[in-house]
Structures are given as C-alpha cells and as structure tokens.
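Below is one structure, written out as structure tokens, with a few remarks after it.
Predicted model, so just to flag it, every value in this text is computed and none were measured.
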Amino acid sequence: MALLEVKNLQASVEDNQILRGLDLTVKAGEVHAIMGPNGSGKSTLSYVLAGKDDYEVTGGTATLEGEDLLGLDPDERAAKGLFLAFQYPIEIPGVASMTFLRTAVNAVRRKRGEEELSTPDFLRAVREKAKELNIDQDMLKRAVNVGFSGGEKKRNEILQMALLEPKMCILDETDSGLDIDAVRIVSDGVNRFHAQGGKGVLLITHYTRILRYIKPDRVHVFVGGQLVNSGGTELAEELEAEGYDKYLKVAQA
C-alpha cells in the first residue's frame, strides 16, 4: 500500500519554478533516500510536503494513505502522521524544551481524537525516549535548541519524532554538520522508529555516510527539480564514486 504518493508535483518560490513534475511513491515499511547536489530542490520537496509558507504548488498531487495533503494546514498534516526534521532546527528562546514537547504531543493527540498525556505519563515517555537517544535530562530543561550543539539539535528532533509517533518521517539532511558519533545516535533513533512496522522514511541527503547506518530500500537521484534516476543501494555507491556530473549534464542539455 502506498503510504506517501506524489504525482506530477510542481511548485515554485517567488515565481521561480523549483519542482518540475515529480513522481514518488513510498510504501508502508519502506525507506527511500533522495540524493542530489545543492540547489536541486530537495529541501523544497520536504517543505512543500510539510506545508511551509511561501511555497506555491502549481500542479500535481500529494497524498498520505490516500488522503490529500496539499489542502491541509501544517498542523493538520502533522496530526495525520507527517513529520519533518529540518536541516537547521530553529532556536526558540524562552520556551523550555519539556514545555514545547508536551504542548506538541498533546496538540497532535487532540487532533487525532486521543486523550492528552498526563504529566506523569508524559514524563515517563520522555525519560524512556531520551535515554535511548543519549539525551541528558538537563538538556530538556533548557530553552528549545538554544545553546545546543548541532548534534544536540538533531537528537532533539529525533526525540520529537519518537514522541509524536508519525506514520511518515521526512529527514531533510539531518546528517548535515554532525560528527560520526552523532550520526550513529540519530540513525539509531530513525531505525527504532522504522522498526515499529508500517512506517515510512524519506531521507534527503548529499552524502552516503548516513546510508551506512540507515539502509534504504530505494535511492533516487534528484536534479533540476525532478527525479532523474532510481535504484538500489548500488546507485548511492555510484554517486559516491562518480558524483552528479553526468546527471547535471543531462539536466542542462
């Protein structure tokens, strides 16, 4: 069954066409990796699917479990089970991480028609997930991402993912700027999420490093706002060895 299905998706930013007729299907239980050079439109895809402002959809469709995503507000997409981990998580001064997490979790639960978590239940869930991700409890007492290292910010996002329990997770270059230990910790959190069964992961990245820890079912090459090739892990190995030159030449022809 298709979990995420994108058909002929076209989108622009300030009248600049970025996505040029993109087709992508991620089935439940699958991990897909999208690889491409800077400026190819990979992050635009993630923002369009999440409903970020200023990105205008000019054609095509995107559905989650058969339900239209593009007509929903970002919070409604989150409640339906879509999660986006940003390349550069923002800082929110004055808002404690624990307060932010509990507010987000209970907001999603309300929209799903579920009971809010009580304070004791929420604290138990946070402690359990934080321990799995090597997140110090003192870190959660600080303002959201303020003063966090790159690795701490990314682990904090994976903690959000674990608590929100989405169906489809989009990771926008989540390995960017991480040292090898942080990549392993973040990858372990993503693998734990995926191992629950029936989940989908769309991993957007420049490099193959994170693919050593998160094994994709499919690898796609993204150039010029389109998927120009797809294959198995051997495609990622080819890109590592040869780069994107041959795909860029085709796109520019």
Taking only residues two or more places apart in sequence or in another chain, which ones pass side-chain hydrogen bond (donor to acceptor under 3.5 Å, both in side chains) with [X]?
X: R110; value: E116
X: D217; value: none
X: R212; value: none
X: R112; value: none

Sequence neighbours left out, what passes side chain to side chain contact (heavy atoms under 4.5 Å, CB included) with [X]? Give chain and number order.
X: E65; answer: M1, L3, K167
X: K7; answer: E5, D23, T61
X: Q17; answer: Q10, S12, R20, T58
X: K131; answer: none

Q: May I ask whether L82 and V6 are part of the same hydrophobic cluster, defined by side-chain heavy atoms of I, L, V, M, F, W, Y residues being less than 4.5 angstrom apart, directly or through others?
A: yes
Q) In terms of hydrophobic clustering (I, L, V, M, F, W, Y; side-chain heavy atoms under 4.5 Å; direct or indirect links), are L101 and L84 co-clustered? A)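 No, no single cluster joins them.
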Q) Does some side-chain heavy atom of L24 sit less than 4.5 Å from a side-chain heavy atom of I34? A)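 Yes, their side chains come closer than 4.5 Å.
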Q.
Do L211 and P216 make a side-chain contact, defined as non-hydrogen atoms from C-beta onward lying under 4.5 Å apart?
A.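 Yes - at least one pair of side-chain heavy atoms lies under 4.5 Å apart.
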**Q.** Over 12 foreign heavy atoms within 6.0 Å of CD, E234
**A.** yes
Q.
Other residues, nucleotides and ligands only: do more than 12 of their heavy atoms fall within 6.0 Å of CG on D179?
A. yes
Using only atom types and a distance under 3.5 Å, with no angle test, would you say the side chain of [X] pairs donor to acceptor with the backbone of [Y]?
X: R192; Y: E132; result: no
X: K153; Y: V144; result: no
X: K42; Y: G36; result: yes
X: R77; Y: L70; result: yes
X: N106; Y: L117; result: yes
X: R109; Y: E114; result: no
X: R142; Y: G147; result: yes

Smallest separation among heavy atoms of [X] and [Y], with atom names:
X: I204; Y: I170; result: CD1-CG2, 4.2 Å
X: V221; Y: L239; result: CG2-CD1, 3.9 Å
X: S230; Y: L235; result: C-CD2, 3.7 Å
X: L69; Y: L49; result: CD1-O, 4.4 Å

Q: Would you give the length of the straight line joining atom NZ of K215 to atom CG of L203, rounded to the nearest 0.5 angstrom?
A: 12.0 Å
Q. Between atom OG of S187 and atom NZ of K154, what is the distance when rounded to the nearest 0.5 Å?
A.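 It is 11.0 Å, given to the nearest 0.5 Å.
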Q: Name all pairs fulfilling the salt bridge (charged side-chain N to carboxylate O under 4.0 Å, His left out) condition that reach into residues 48-61, sequence neighbours left out, sorted by first residue then second.
A: none
Q | Summary of ring pair (Phe, Tyr, Trp, His ring centres under 6.0 Å) pairs that have at least one residue in residues 205-225, sequence neighbours excluded | A | H32-H220
Q.
Considering only residues two or more places apart or on different chains, which pairs with a residue in residues 49-101 satisfy ring pair (Phe, Tyr, Trp, His ring centres under 6.0 Å)?
A. Y47-Y55
Just distance, no hydrogens or angles: give the donor-acceptor pairs under 3.5 Å from side chains in residues 193-200, sequence neighbours left out.
unit_1 : atom_1 : unit_2 : atom_2 : d
H194   : NE2    : G29    : O      : 2.7
K199   : NZ     : P166   : O      : 2.8

